[in-house]
Amino acid sequence: MNWDEFSHWGAKIAQWAAEYHTTLSDRPVRPDVIPGEIAAQLAPAPPESGEPMEGIMADFERIVMPGMTNWQHPRFFAYFPANAAPPSMLAEMLVTTIAAQCMLWQTSPAATEMESVMIDWLRQALALPDGMTGVIQDSASSATLSAVLTMRERATGYTGNRAGLHGKGALRIYCSDQVHSSIDRACWVAGIGQDNLVKLPGTGPRFAMDPAALEAAIERDTAAGHIPAGIVAITGGTGVGACDDLAAIAQVAQAHDLYTHLDAAWAGSAMICPEFRASFWQGAEAYDSIVFNPHKWLGAQFDCAVQFLRDAEPQLNTLKIEPEYLKTSGHEVTNYSEWTIPLGRRFRALKLWFLIRSYGLDGLRARIRNHVAWAEELAAQIARIDGFSLTSGPILSLFSFRAPGDDAAQQRLVDAINADGRIYLTQGMLNGQKIIRLQVGQFDTTREDVMMAAEVITEVWKEIS
Ligand SMILES: *Cc1c(COP(=O)(O)O)cnc(C)c1O
C-alpha cells in the first residue's frame, strides 16, 4: 500500500467510524451468532498474493461486524464499560501512526515525560497526595500482579527473584471474598498460591471485610509461623461494587508493616467527583499501590490502567532489570519499562492528554454524575416491578436485582433480555444466589437510554412468565 492509498482509506475509515457511532443506537447491543459462525466465513488458509483493500474492507463489514458486541452502545449495561471517547480514539490513531516503542526515556522522550505528567494530572484529579508517582500499564491485572510480586519480594528481603521461594515459608496475602479474579491469578503467578490468599467475608451493605477479622487472621498466621506479606483492599468491586473501609484496613497494615494495594479499577474514575470521595476514597492516600482503569469509565480507549505508587522503590527493586543493551547513558531519566513486567510499551499517555484536555475534568465529571443519578432512578423503577427486589446497591452506578423465582428463572430472564437486543446486561452471584447485575456508564448514554432498560425488563419478563 502506498501513502496515497493510505490517505484515501484513512479518510474512508474515519467516515465509517463516525457513521458507526451515530447509528449504534439502532443496532442490537450483542450480536446474534452461534459459536464458529464467524470463523466459518474466514478463508481457511492465508492468500498467496495480495488483495485489494476494497475487498478486505467489504469483508470486514460483511463478516466481522455482524459478530461484534457493540461495547460503545449507549444501552450497554453489562460488565463494566470500556469507554472510548472520540478524542482518545484520535490520539490512538496518531499513536498507531507513529508506532513508537516507548520502553525507555530515550526510545521516545515525549512519551515518557507525558506519562509522568498525566500520572500527576490524574493524581490531582483523584485528590491523592503530592509526591505519589506511578506508571501506566495495560491492565489492572498487570498492575495487581506487579503489586503482589512487590509484596512477595519485600516480605522475603528481596531474595525471591534471585533464590526462588523454596524454604521461605508460607507468604500470606489478605483480601475480602469480593475481590476480582485478577488477585487470585496474581497470587498463582507470583508463587504465593491460592491457599495462601486469605479471603475474609465481605459483609454489610457495602460487602466490606471486617478490620478486626483481618487483624485476627494476621495474628493467627504469625503465630503459626506464616509470613504475612500484604493486603489487597477494594473500592468498587466487580461483582456488586464492594467497598472496604480503606482507612481501617490501612491502619491494620501499618501496625503489621504490610504492603498495601488498592483495587479501584472501576470506581477510581468516579473519584474525580469530590462528592463521592467521602464514601469511597477516605484513606486511599495511605495505600502503597493503587490501580484504576481510565479505560473503563473515564473514556480513555482500551487499554489504559494507571498504577499510583506512594514510593516507587519497592516495585523497582522487584521488577527492574537492566541488561547492557537497555542501559541509557547520560542524564538521570525515568525508564518506565523498569516499573512493569513487559518490556515493550505503547504510548498510552497521549489519549489521556487528548481526553482530559478535550472535555476538561468538569465535562468528565458531568457524565459520571449523570450515570450515578440515572442508575439510582432506574434501580428504584426496577424495584417497583411486581415481585422484583434489589439485592445490592446502587453503589455508584452499579446495582443488582432478582425477579420472582429460582436461579434458573433469573438466567432465563437475562438470556431473554439479551436475545431481545435492545439492552445488554449480565448475571452474577451474591450470597450463593444468582442475581441480575446492571451498571450505567457508557460515555454517551442518555437518561432515555437508561430508563429504556426498565421498559425492556418489564416487557421481556411478561413475555416469558
Ligand atoms: C475490571 C476489573 C479488574 C480487571 O481489569 P483488567 O484491566 O481487565 O485487568 C480488576 N479489578 C476490578 C475491581 C475490576 O473491575
Side-chain angles (χ1 to χ4, degrees), residues 79-85 88 115 118-129 132-144 146-147 175-176 178-180 182-183 206 208 232-247 249-250 260-310 348-349 351-352 355-356 359 361 364-365 367-369 371-372 375 393-398 439-441 443:
Y79 310 101
F80 280 135
N83 286 336
S88 80
E115 183 160 339
M118 288 307 101
I119 292 277
D120 201 60
W121 278 18
L122 289 170
R123 176 195 66 74
Q124 295 172 50
L126 269 61
L128 290 170
M132 251 194 182
T133 58
V135 59
I136 304 181
Q137 303 224 24
D138 57 352
S139 62
S141 301
S142 296
T144 295
S146 307
C175 63
S176 87
Q178 293 293 314
V179 291
H180 187 266
S182 55
I183 285 80
R206 287 157 63 96
V232 179
I234 39 174
T235 196
T238 312
V240 289
C243 294
D244 288 319
D245 179 344
L246 303 184
I249 301 298
T260 48
H261 175 64
L262 171 58
D263 182 358
W266 163 65
S269 293
M271 299 306 116
I272 62 171
C273 304
E275 69 270 29
F276 299 133
R277 291 182 198 143
S279 304
F280 296 95
W281 212 230
Q282 293 274 335
E285 69 281 356
Y287 282 73
D288 294 308
S289 162
I290 303 174
V291 66
F292 103 97
N293 281 351
H295 72 223
K296 275 187 171 155
W297 205 355
L298 201 65
Q301 164 122 2
F302 187 81
D303 53 9
C304 184
V306 166
Q307 185 189 18
F308 293 109
L309 293 167
R310 224 151 57 93
R348 297 193 181 89
K351 59 193 164 196
L352 285 169
L355 173 77
I356 299 169
Y359 292 92
L361 289 176
L364 299 173
R365 284 187 195 111
R367 283 174 164 77
I368 286 170
R369 284 178 178 139
H371 298 162
V372 172
I395 290 179
L396 291 170
S397 65
L398 171 67
Q439 65 76 27
V440 175
F443 202 76

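Predicted model only: the values in this text are computed from it and were never measured.
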Nearest 0.5 angstrom please: [X] [atom1] to [Y] [atom2], how far?
X      : Y      : atom1 : atom2 : result
Ile272 : Ile368 : CD1   : CD1   : 4.0 Å
Phe276 : Ser269 : CZ    : OG    : 12.0 Å
Ser182 : Asp263 : OG    : CG    : 5.5 Å
Phe302 : Arg348 : CZ    : CZ    : 9.0 Å

Indicate yes or no for a side-chain donor-acceptor contact from [X] to the backbone of [Y] under 3.5 Å, with no hydrogens or angles considered.
X      : Y      : value
Ser289 : His261 : no
Thr144 : Ala140 : yes
Lys351 : Ala85  : no
His295 : Cys304 : yes
Asn83  : Gly441 : yes
Thr235 : Phe280 : yes
Asp244 : Ile234 : yes
Gln178 : Val240 : no

Minimal non-hydrogen separation, [X] against [Y], with atom names:
X      : Y      : answer
Ser88  : Gly299 : OG-O, 3.2 Å
Ala305 : Ser139 : CB-C, 3.4 Å
Leu396 : Ala375 : O-CB, 4.4 Å
Pro81  : Gln439 : CD-OE1, 3.4 Å
Leu262 : Ala284 : CD2-CB, 3.9 Å
Pro274 : Arg365 : CD-NE, 4.1 Å

| field | Pairs meeting criterion side-chain hydrogen bond (donor to acceptor under 3.5 Å, both in side chains) with involvement of residues 273-287, two or more places apart | value |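 Matches after skipping sequence neighbours: Glu275-Arg369.
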Any side-chain heavy atom of [X] sitting closer than 4.5 Å to one from [Y]?
X      : Y      : answer
Leu355 : Leu364 : yes
Ile356 : Trp121 : yes
Tyr359 : Arg367 : yes

| Should the ring pair Trp266 and Trp297 be called parallel, tilted or perpendicular, given that the plane angle runs from 0 to 90° and is split at 30 and 60? |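 Rings of Trp266 and Trp297: parallel, as their planes differ by under 30°.
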| task | Applying side-chain contact (heavy atoms from CB on, under 4.5 Å), run through Ile290 and Met132 and close with a yes or a no. | result | CA-CA 10 Å; Ile290 303 174; Met132 251 194 182; 3.8 Å; yes
| field | Positive for side-chain contact (heavy atoms from CB on, under 4.5 Å) with Phe308, one of Thr133, Val291, Leu126 | value |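 Per the side-chain contact (heavy atoms from CB on, under 4.5 Å) rule, the option paired with Phe308 is Leu126, out of Thr133, Val291, Leu126.
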